[in-house]
Every structure is written in C-alpha cells, then in structure tokens.
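All residue numbers refer to positions in the sequence shown, counting from 1. Keep in mind that what you see is a predicted model, and the values were worked out from it rather than measured.
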Amino acid sequence: MDLALTHRSYAYETGATQTNERLEFLGDSVLGLVVTEELYRRYPDLDESRLSPLRSGVVNMRALAAIARSLELGSVILLGKGEENTGGRDKNSLLADALEAIIGAIYIEHGFSQTSAVVLKLIESTLESAVSKGAGLDGKTALQELLASSGRSAPEYLVTETGPDHDKSFTALAMVGGEALAEGQGKSKREAEQIAARIAYELLSVAHEEPNLEV
C-alpha cells in the first residue's frame with residue numbers, strides 16, 4: 001500500500017524507482033467499470049445520455065478528492081518537500097490520484113469483487129448527491145432546475161443550422177441572463193440544445209460548489 005501513496009515528487013527527491021502512477025492508471029479503469037456497472041444496474045430506465053453525466057458526477061476529480069479528504073488521505077501521502085510546501089496534501093488532483101492508486105492496489109491484492117464492494121461503499125453518498133442535484137436528468141431539465149434553485153431566470157437557447165436539407169448540423173448556445181454559457185452541436189435542434197444545456201449545467205455546478213477552482 002505504500003506504493004499507492006508514493007507521489008512522484010517523493011520518489012524524485014528520495015531516489016525511489018517507483019511511484020503510484022501505474023496503480024493510479026489501473027485504479028482509474030477499475031473505478032470507472034465499477035461505477036458504470038452500478039449505474040447500469042441501479043437505473044435500468046436511464047439511457048446513455050443520462051447515465052454518462054451521472055458517472056461524471058461520481059468519478060470527476062473534485063468528487064474523488066472529497067472522498068479522499070473524508071479518508072484523510074492527505075495526511076499519509078508520501079510527498080517531496082517542494083510539493084509539501086505548496087499545499088500538495090490538499091490538492092484535488094493529488095488526492096484524487098492517490099485514491100485511484102489505492103483502488104488499483106486493492107484490485108491487485110484482492111481482485112475485482114472485493115474492490116467493487118469497497119468502491120461502492122466509498123461512492124454511495126457521492127452518487128446520491130449527484131442524483132439529488134439532477135445529474136441523471138436530461139440536460140435542459142437539469143439546467144433549468146439548477147437555475148431555479150438559485151433564483152435565476154430560465155435558460156434560453158439560440159440555435160443556428162448549416163448544411164443541406166439532407167445533412168443539416170445544428171449549433172445551440174445556452175443563454176442565461178443574456179450571457180452565452182455553453183455551446184452544443186448536433187444533428188438535430190434538440191440534440192444541440194441538450195448538449196449545450198448539459199455543458200452549462202456542469203460548469204455552473206462546479207462554480208457553485210467551488211468558487212475558487214483549482215486548475
């Protein structure tokens with residue numbers, strides 16, 4: 001498990017030959033499969049367009065970092081002095097990577113079944129939160145409900161089309177308060193609006209939850 005907690009900055013400064021990056025790579029894939037399978041089984045009536053944002057709401061960097069903080073992973077990660085001095089123990093990217101590395105290590109040691117059980121326990125509250133915030137709704141509904149919850153006006157969509165009648169392409173701008181928040185493209189007006197709305201929803205959700213975003 002020490003390897004799963006070994007950040008490259010520590011390895012560089014101490015001359016260690018391995019870091020947690022390979023385990024992180026593995027853990028990312030295992031995590032994605034576990035979450036995807038759980039959503040597939042739990043929500044049989046949702047299509048891919050609604051399952052995908054739900055998955056994103058669970059496995060994105062900020063969500064994983066929040067889980068890592070709940071486990072106090074930051075206090076046990078092996079860091080180099082430079083990373084330590086720049087607040088590495090509380091960086092979203094570093095925490096999320098360490099959590100994925102641990103998942104990878106559990107998979108190597110115990111196999112998929114036990115790893116799945118651990119992951120499902122870790123993500124349960126995060127998944128419930130994503131569902132409650134509308135991540136499983138279609139894009140336009142999710143965006144409208146998010147705006148309504150903060151007392152903002154309903155979104156509007158400006159749609160343009162290009163191409164011949166047999167092969168049209170549509171571009172939609174999701175507008176809130178006269179400001180263009182996101183753009184979506186599709187083969188139909190509805191598809192373009194849904195994509196623009198979903199992107200706008202995700203942008204506003206992140207901005208609402210973390211005013212000071214980490215790049």
Side-chain angles (χ1 to χ4, degrees), residues 1-14 16-43 48 51-133 135-136 198 202-203 205-207 209-210 212-215:
M1 192 60 71
D2 284 350
L3 180 58
L5 297 171
T6 302
H7 187 257
R8 63 177 177 270
S9 63
Y10 179 86
Y12 176 78
E13 291 186 12
T14 62
T17 58
Q18 291 184 301
T19 73
N20 65 359
E21 290 177 350
R22 281 172 51 84
L23 285 174
E24 173 206 335
F25 172 78
L26 176 62
D28 176 69
S29 295
V30 174
L31 173 65
L33 178 57
V34 171
V35 172
T36 300
E37 182 181 31
E38 176 66 10
L39 293 174
Y40 183 86
R41 295 179 184 279
R42 187 180 294 203
Y43 302 106
E48 184 275 340
L51 290 172
S52 182
L54 260 181
R55 180 176 58 191
S56 296
V58 176
V59 302
N60 68 77
M61 179 180 66
R62 292 174 180 83
L64 296 179
I67 295 173
R69 288 190 182 93
S70 73
L71 300 173
E72 299 184 351
L73 282 188
S75 65
V76 294
I77 295 174
L78 300 175
L79 294 178
K81 293 179 180 178
E83 193 67 57
E84 179 90 52
N85 293 335
T86 56
R89 294 192 183 279
D90 196 46
K91 286 184 179 178
N92 283 348
S93 58
L94 193 149
L95 289 169
D97 290 349
L99 181 63
E100 289 177 336
I102 287 174
I103 291 171
I106 294 172
Y107 173 76
I108 290 292
E109 185 70 23
H110 300 288
F112 184 78
S113 180
Q114 291 189 46
T115 306
S116 179
V118 171
V119 169
L120 291 177
K121 184 175 181 180
L122 289 175
I123 68 164
E124 181 60 33
S125 62
T126 305
L127 177 56
E128 291 177 357
S129 177
V131 172
S132 70
K133 292 175 181 176
R198 174 56 60 188
E202 293 177 351
L203 289 172
S205 294
V206 170
E209 291 176 13
E210 295 197 20
N212 297 316
L213 297 180
E214 174 185 312
V215 177

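- Between the N20 side chain and the L23 main chain, no donor and acceptor come within less than 3.5 Å of each other.
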Legend entry - Check against side chain to side chain contact (heavy atoms under 4.5 Å, CB included), L39 and L127: CA-CA 9 Å; L39 293 174; L127 177 56; 3.5 Å; yes

Below 3.5 Å, can you tabulate the donor-acceptor pairs from side chains in residues 100-121 to any protein atom, sequence neighbours excluded?
{"residue": "T115", "atom": "OG1", "partner": "Y107", "partner atom": "N", "Å": "3.3"}
{"residue": "T115", "atom": "OG1", "partner": "G111", "partner atom": "O", "Å": "2.6"}

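- Take R22 and apply the side chain to side chain contact (heavy atoms under 4.5 Å, CB included) test, not counting sequence neighbours, and it matches no residue.
- Scanning for side chain to side chain contact (heavy atoms under 4.5 Å, CB included) contacts around T14 gives Y10, A16, with sequence neighbours left out.
- The side-chain heavy atoms of V34 and I123, taken from C-beta on, include no pair separated by under 4.5 Å.
- With a 6.0 Å radius and a threshold of 12 heavy atoms from other residues, nucleotides or ligands, Y43 has its OH atom above the threshold.
- When all heavy atoms are compared, the tightest approach of V58 to L64 is O-CD2, 3.9 Å.
- A donor-acceptor pair under 3.5 Å links the side-chain atoms of R69 to the main chain of D90, judged by distance alone.
- For E21, the side chain to side chain donor-acceptor pair (under 3.5 Å) criterion is met by R8, not counting sequence neighbours.
- Sorted by first and then second residue, the salt bridge (charged side-chain N to carboxylate O under 4.0 Å, His left out) pairs involving residues 25-41 (not counting sequence neighbours) are E37-R41, E38-R42.
- Atom CG in D97 sits 10.5 Å away from atom CG in N92 (nearest 0.5 Å).
- Note: T36 OG1 to L31 CG = 8.5 Å, rounded to the nearest 0.5 Å.
- With sequence neighbours excluded, the residues forming a side chain to side chain contact (heavy atoms under 4.5 Å, CB included) with T86 are E83, K91, listed by chain and number.
- The structure places CG of L5 at 12.0 Å from OG1 of T19, a figure rounded to the nearest 0.5 Å.
- In this structure, CG on L73 lies 10.0 Å from CD1 on I67, to the nearest 0.5 angstrom.
- The line from CG of L95 to CD of E72 is 11.5 Å long, rounded to the nearest 0.5 Å.
- Nearest approach of M61 to A96, heavy atoms of both residues: O-CB, 3.7 Å.
- Without hydrogens or angle criteria, R55 side chain to G32 main chain gives no donor-acceptor distance under 3.5 Å.
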